[in-house]
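None of the values given here were measured: they were computed from a predicted structure.
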Amino acid sequence: MYEVSQLKQKFEPSNIKFAGVYVGLQLFLVILFAAFVDYAPDASAQDPEAALGVRYAFWQDVHVMVYVGFGFLLTFTGRYSWSSVAFNMFLSAFAWQWSVLCYGFWEKYHEGDWSSPIPLNVDFMIQADFSAATVMVTFSAVLGKLSPLQYLVMAFFEVIFIATNQFIGEKELWASDAGGSMFIHTFGCYFGLALTWALFFRNRTTDPFNHPNNYTSYNSDTFAMIGTLFLWMFWPSFNAAMTSGSAQHRAVINTLVCITASCGMTFALSTLFRGKFGMPEIQNSTLAGGVAMGTASIMMIHPWAAILIGMVAGSISTLGFIYLTPLLERAISLHDTAGINNLHGLPGILGALVGTIGAFCASTEDYGDYIGFVFPKMGPSNATIAAELGLGHHGVDRTAMAQGGMQLAALAVTLVLSIASGLLVGALLRLPFFDPPDRQDQFDDSRWWDEANPPASEHHHNEHSGYEERGSHDHEVHFQQQENQEYLLSHFKYV
């Protein structure tokens, strides 16, 4: 039996509001799915011989990255690890459903055909997971600072802008971004940074800076490394998931070569500039090559260039964690919980610029008659020739110079739209209706979870978000065996 105090906590207004808003949104999605979504022809009972194909294996890898990779990567927060991994799951699941509709609506608008349903198949499953990954990039910036209702509303509006940005980039500008350096990483990063700045700039009641709960521990950082390893292993599949044929093969090779180089550079520069290895960059900057290779993953850039790109990506990401993040905190009061500017923002922009160079240098000497598979509008304008080559649509004989310009334009649109929409949604979420947590409830599982009992002692400050203690090695990292056991027991209490 619940005591009166427990019942009051159980049915407090903020909990009722969160549950009510979510159920309302879920019923809204049910209605839209019923009206607009159905199985694609290759998933219909009318074609019993249709095979799922190799694309399903790539979807599995992307799915693991979103739910396991991102989820565990964000458990570095010592008192917020339950929320990190669980809210990651909740928001990704919601974003996935909403993304199917948002992307589908833009596809229908582009085709000019509203008579047939949105065809749900593996391609849509992957695209929706990409959108969920973008939301998780944003979630990393505001980790520990919002209420569940704020997270939910953030995801709802962001998915709309994600789909809009990708439609402009892919269907209006016809930019190539197979692995999402622009449309996933850059957009998710600067939407999240703009949102967190709008939420907390000159907001003393919820100021997250130098928060006593925002620390990492030996154990929480160990769990976060599990996420790093999953992301690192599956990143080639992420960049290759929406491609096919030799382009898919090339994307796997380019990404693996690039991410191995960023891994090595991270270790080298971390110990060089810190004096010892720093866990924030080892958890994150080792992955920067995967982000930077997103746009150019299917391009003929050659393996030596992939290594060079990985070295640059690992370098700027590592130095960003050590120097840039604390500088931005002091200069413009930008609080970035997980340091996404260093993993997704700067490497994403680098990837977009690499893709621009790749487009400027594209020629039939490298791609032959099949250049339209990589840059659709550079394909032949003759529909008959395009069909003979197996292209889904004819191009416009766009020049390499023009394609490079469109790649830059897509980057500019992504930056403008992500920052503007992030500021708008951040301003909205400041309203009291969305139950922003008080400062004492930030970065703390016990505010949101039944029987949560996170460690109370600070082991060392969260160096992902650039506190002044960054670079200091006076923190104690060797804990007593009893303390480790108590943490693990509380972490897996319900397993």
Are there over 12 heavy-atom neighbours, none belonging to [X], within less than 6.0 Å of that residue's [atom1]?
X	atom1	result
H110	NE2	yes
F157	CZ	no
M311	CE	no

Test item: [X] and [Y] side chains (from C-beta on) under 4.5 Å apart, heavy atoms:
X	Y	answer
H344	T186	no
P119	E107	no
I309	I301	yes
Q248	F58	yes
L25	L29	no
I282	M225	yes
F36	I31	no
L195	M154	yes

Do [X] and [Y] get their side chains close enough for a donor-acceptor pair, meaning under 3.5 Å?
X	Y	value
T138	E158	yes
E281	T266	no
S217	S220	yes

Intermediate values then yes/no, side-chain contact (heavy atoms from CB on, under 4.5 Å), Q150 and S147: CA-CA 5 Å; Q150 286 179 304; S147 68; 3.3 Å; yes
CA sep, side-chain torsions, deciding dist, call: N284, L73, side-chain contact (heavy atoms from CB on, under 4.5 Å): CA-CA 8 Å; N284 294 276; L73 179 64; 4.0 Å; yes
Quick check: closest heavy atoms across [X] and [Y], and the distance to 0.1 Å?
X	Y	answer
A155	W98	O-CD1, 4.5 Å
N342	S317	O-OG, 2.7 Å
W448	D444	CD1-O, 3.6 Å
W174	P376	CE3-CB, 3.7 Å
A352	S181	N-CB, 4.1 Å
A163	C102	CB-CB, 3.8 Å

Just how far is it from atom [atom1] of [X] to atom [atom2] of [Y], taken to the nearest 0.5 Å?
X	Y	atom1	atom2	answer
I118	Y39	CD1	OH	15.0 Å
F183	L417	CZ	CG	11.0 Å
I349	M182	CD1	CE	11.5 Å
L32	L27	CG	CG	11.0 Å
S237	F234	OG	CZ	7.0 Å
L74	F223	CG	CZ	14.5 Å

Aromatic centroids of F124 and Y103 separated by under 6.0 Å: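 Aromatic pair excluded; centres sit 6.0 Å or further apart.
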Is there a donor-acceptor contact under 3.5 Å from the side chain of [X] to the main chain of [Y]?
X	Y	result
T75	G71	no
R447	Q442	no
Q283	D221	yes
N88	V66	yes
T255	V252	no
W59	D129	no
S270	F267	no
K108	P117	yes
Q407	S176	yes
T222	Y218	yes

Residue pair N239, S297: steps toward the side chain to side chain donor-acceptor pair (under 3.5 Å) verdict: CA-CA 7 Å; N239 285 352; S297 59; 5.0 Å; no
Please verify the inter-ring angle class for [X] with [Y]; under 30° counts as parallel, over 60° as perpendicular, anything in between as tilted.
X	Y	result
F167	W106	parallel
F105	W114	tilted
W235	F238	tilted
F87	F139	perpendicular

T196/D336 under side chain to side chain donor-acceptor pair (under 3.5 Å): CA gap, chis, key distance, verdict: CA-CA 8 Å; T196 192; D336 180 3; over 6 Å; no
Check against side chain to side chain donor-acceptor pair (under 3.5 Å), T286 and W232: CA-CA 8 Å; T286 51; W232 197 90; 5.3 Å; no
S131 vs Q166, side-chain contact (heavy atoms from CB on, under 4.5 Å): CA-CA, chis, key distance, verdict: CA-CA 10 Å; S131 181; Q166 185 159 339; over 6 Å; no
Residues D445 and R79 bridged, charged N to O under 4.0 Å: no
Ring pair (Phe, Tyr, Trp, His ring centres under 6.0 Å) evaluation trace for F230 with F72: CA-CA 9 Å; F230 270 97; F72 274 91; 7.5 Å; no
Stepwise side-chain contact (heavy atoms from CB on, under 4.5 Å) check, V142 with Y151: CA-CA 9 Å; V142 296; Y151 287 135; 3.8 Å; yes
Audit row: F90, F18, ring pair (Phe, Tyr, Trp, His ring centres under 6.0 Å) steps and yes/no: CA-CA 13 Å; F90 167 73; F18 167 72; 5.7 Å; yes
